[in-house]
Chemist: 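Below you'll find the structure I mean.
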Amino acid sequence: GAIAKAKTAKIVRGLLDIASEIPGSLEVQAELCRQIVAWCKQEKRTFLRQRVESRLVSVDYERGRYDEALVLVNRLLKERRQI
């Protein structure tokens, strides 16, 4: 059977937390975030996608990818204002 949405979100956040504890894993974290975001879009999991994209903003910032982080955070803010 299908896993409940809340449980799925908790598992995803847990995976991201584990990845964030691994030293030197920023590239892996960014790729993991991108893959989860793609899955969220496919499954129409908007709130989880937004949380993971927020995490990706932090990872991009830590990686020195300021332009990417800024573009994403601006899109997220614009999306939030529309709710």
Chemist: Considering non-hydrogen atoms only, spot the tightest contact between Ala19 and Ser25 and give its length.
Modeler: O-OG, 2.8 Å
Chemist: Once you round to the nearest 0.5 Å, how far does SG of Cys40 lie from CD of Gln35?
Modeler: 12.0 Å
Chemist: Do the non-hydrogen side-chain atoms of Glu43 and Leu48 ever get within less than 4.5 Å of each other?
Modeler: no
Chemist: Kindly work out whether a path of hydrophobic side-chain contacts (I/L/V/M/F/W/Y, heavy atoms less than 4.5 Å apart) joins Val73 to Val71.
Modeler: no
Chemist: For the CD atom of Gln50 and the CG atom of Leu56, what is their distance to the nearest 0.5 Å?
Modeler: 13.5 Å
Chemist: Could you check if a side-chain atom of Ile36 sits within less than 4.5 angstrom of a side-chain atom of Leu16, using non-hydrogen atoms only?
Modeler: yes
Chemist: Does a sphere of radius 6.0 Å around CG in Asp67 hold more than 12 heavy atoms from other residues, nucleotides or ligands, not counting ones at 6.0 Å or beyond?
Modeler: no
Chemist: Which atoms form the tightest heavy-atom contact between Asp60 and Ala69, and what is the distance?
Modeler: CB-CB, 3.9 Å
Chemist: Which heavy atom of Leu72 sits nearest to which heavy atom of Glu53, and what is that distance?
Modeler: CD2-O, 3.5 Å
Chemist: Please report the interatomic distance CZ(Arg63) to CD(Glu27), rounded to the nearest 0.5 Å.
Modeler: 4.0 Å
Chemist: Look up atom CG in Leu77 and atom CZ in Arg80, then write down how far apart they are to the nearest 0.5 Å.
Modeler: 9.5 Å
Chemist: Which atom pair, heavy atoms only, marks the closest approach of Arg55 to Ser20?
Modeler: NH2-OG, 4.2 Å
Chemist: Applying the side-chain contact (heavy atoms from CB on, under 4.5 Å) criterion to Arg45, which one of Val52, Val12, Val37, Thr8 satisfies it?
Modeler: Thr8
Chemist: For the residue pair Ile22 and Val28, establish whether any side-chain heavy-atom pair is separated by less than 4.5 Å.
Modeler: no
Chemist: Measuring only between side-chain heavy atoms, which start at C-beta, is Phe47 closer than 4.5 Å to Arg51?
Modeler: yes
Chemist: Could you give the distance from CD (Gln29) to CG (Asp17), rounded to the nearest 0.5 Å?
Modeler: 9.5 Å
Chemist: Is there a path of hydrophobic side-chain contacts, each under 4.5 Å between heavy atoms, that joins Leu26 and Tyr61?
Modeler: no
